[in-house]
Trainee: 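Below is the structure I would like to discuss, written out as structure tokens.
Because only heavy atoms are used, hydrogens play no part in the values below, and waters and symmetry mates are left out as well, while side chains stay in.
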Amino acid sequence: MKKLLILVGTILAANMAAAATPEITKAEVAHLLGAVEQSQCRFNRNGSWYDAKSAKKHLASKYEYLDKKDMLPTAESFIKLGASTSSSSGKAYMMACEGQQPVTSAVWLIEELNRYRKTAALK
């Protein structure tokens, strides 16, 4: 029985470690959160507009929640599960940057992620 408990514990620990957010995902999400904060864009959540710093804070809290639940294998999963719609209303988040038409946060974040990855690939 003791050997069985040790085996089950080892398997559970291995599965938990395997499900943890990969380092590349952490780095990409950190970049996305920084890009939101530096963007000077406005962020719409549930019909109200917020500044870029507030947007970053809100999205960071959603990232922390999903990260603790081991639900983020990729940066795209963060965008889809936490950074594109309100979990309370289901409404899409929007980004409005000066001189541009508002777009969904999902579109804005995917475009930024693609730029980041291209830049990282050149290094």
Side-chain angles (χ1 to χ4, degrees):
M1 182 67 166
K2 185 177 178 181
K3 288 182 181 180
L4 179 61
L5 289 174
I6 291 171
L7 177 62
V8 169
T10 303
I11 292 169
L12 287 173
N15 285 339
M16 287 175 62
T21 303
E23 292 302 315
I24 186 69
T25 301
K26 291 178 182 181
E28 289 176 343
V29 171
H31 170 79
L32 292 174
L33 294 174
V36 167
E37 185 173 35
Q38 297 300 312
S39 72
Q40 301 303 309
C41 298
R42 294 179 303 129
F43 179 77
N44 188 292
R45 176 168 55 101
N46 294 324
S48 297
W49 288 97
Y50 299 89
D51 65 13
K53 185 175 180 178
S54 296
K56 186 248 183 180
K57 183 177 178 182
H58 176 71
L59 295 177
S61 70
K62 291 191 86 173
Y63 167 75
E64 289 169 14
Y65 172 82
L66 293 167
D67 182 45
K68 285 180 186 173
K69 299 242 180 229
D70 294 328
M71 296 175 68
L72 300 174
T74 64
E76 288 87 352
S77 61
F78 165 66
I79 294 168
K80 180 179 179 182
L81 297 173
S84 60
T85 60
S86 168
S87 56
S88 61
S89 71
K91 291 182 181 179
Y93 295 148
M94 300 295 291
M95 297 286 289
C97 304
E98 191 172 328
Q100 299 175 15
Q101 290 284 42
V103 296
T104 64
S105 62
V107 166
W108 193 95
L109 290 165
I110 288 293
E111 287 176 357
E112 181 58 35
L113 180 60
N114 289 335
R115 276 191 292 277
Y116 175 73
R117 286 177 174 166
K118 285 179 186 174
T119 302
L122 297 175
K123 292 181 182 179

Trainee: Under the disulfide bond (SG atoms under 2.5 Å apart) rule, what pairs show up with a residue in residues 64-93, not counting sequence neighbours?
Mentor: none
Trainee: Drop me the distance from S39's OG to M95's CE, to the nearest 0.5 angstrom.
Mentor: 4.0 Å
Trainee: From Y116 OH over to H31 NE2, what is the distance, rounded to the nearest 0.5 angstrom?
Mentor: 6.5 Å
Trainee: Measure across A75 and L113 and return the closest heavy-atom pair with its distance rounded to 0.1 Å.
Mentor: CB-CD2, 3.8 Å
Trainee: Kindly write out the residues that satisfy side chain to side chain contact (heavy atoms under 4.5 Å, CB included) with Y65, not counting sequence neighbours, or none if the list is empty.
Mentor: K69
Trainee: How many angstroms lie between CG in L66 and OG1 in T25, if you round to the nearest 0.5 Å?
Mentor: 12.0 Å
Trainee: Not counting sequence neighbours, which residues clear salt bridge (Lys or Arg N to Asp or Glu O under 4.0 Å) with E111? List them please.
Mentor: none
Trainee: Show me the pairs that pass salt bridge (charged side-chain N to carboxylate O under 4.0 Å, His left out) and involve residues 77-88, at least two apart or across chains.
Mentor: none
Trainee: Tell me, please, which residues at least two apart from P102 pass side chain to side chain contact (heavy atoms under 4.5 Å, CB included).
Mentor: M94, A96
Trainee: In terms of hydrophobic clustering (I, L, V, M, F, W, Y; side-chain heavy atoms under 4.5 Å; direct or indirect links), are W49 and V103 co-clustered?
Mentor: no
Trainee: Can you check whether I110 reaches N114 side chain to side chain, under 4.5 Å on heavy atoms?
Mentor: yes
Trainee: Under the rule for side-chain hydrogen bond (donor to acceptor under 3.5 Å, both in side chains), what residues qualify as partners of K62, not counting sequence neighbours?
Mentor: Y93
Trainee: Got a sec, which pairs hit salt bridge (charged side-chain N to carboxylate O under 4.0 Å, His left out) with one end in residues 23-33, sequence neighbours left out?
Mentor: E23-K26, E28-R117
Trainee: Quick check: do L59 and V36 have side-chain heavy atoms less than 4.5 Å from each other?
Mentor: yes
Trainee: For Y63, what residues pass the side-chain hydrogen bond (donor to acceptor under 3.5 Å, both in side chains) criterion, not counting sequence neighbours?
Mentor: none
Trainee: Hey, are the side chains of K57 and Y50 touching, using non-hydrogen atoms and a 4.5 Å cut-off?
Mentor: no
Trainee: Can you list every pair that meets disulfide bond (SG atoms under 2.5 Å apart) and has a residue in residues 35-68, with sequence neighbours left out?
Mentor: C41-C97
Trainee: Roughly how far, to the nearest 0.5 Å, is CZ of F78 from OG of S84?
Mentor: 9.5 Å
Trainee: What residues, two or more places apart in sequence or in another chain, satisfy side-chain hydrogen bond (donor to acceptor under 3.5 Å, both in side chains) together with D67?
Mentor: T21
Trainee: Is it possible for you to say whether I24 and L109 belong to one hydrophobic cluster, with membership spreading through side-chain heavy-atom contacts below 4.5 Å?
Mentor: no
Trainee: Could you name each residue pair satisfying side chain to side chain donor-acceptor pair (under 3.5 Å) that touches residues 97-110, not counting sequence neighbours?
Mentor: none
Trainee: Find the distance between CD (E37) and CG (D51) and round it off to the nearest 0.5 Å.
Mentor: 9.0 Å
Trainee: List for me each residue that meets side-chain hydrogen bond (donor to acceptor under 3.5 Å, both in side chains) alongside S89, sequence neighbours excluded, and say none if there are none.
Mentor: N46, S86
Trainee: Taking the side chain as every heavy atom from C-beta outward, state whether S54 and R45 have any atom pair closer than 4.5 Å.
Mentor: no
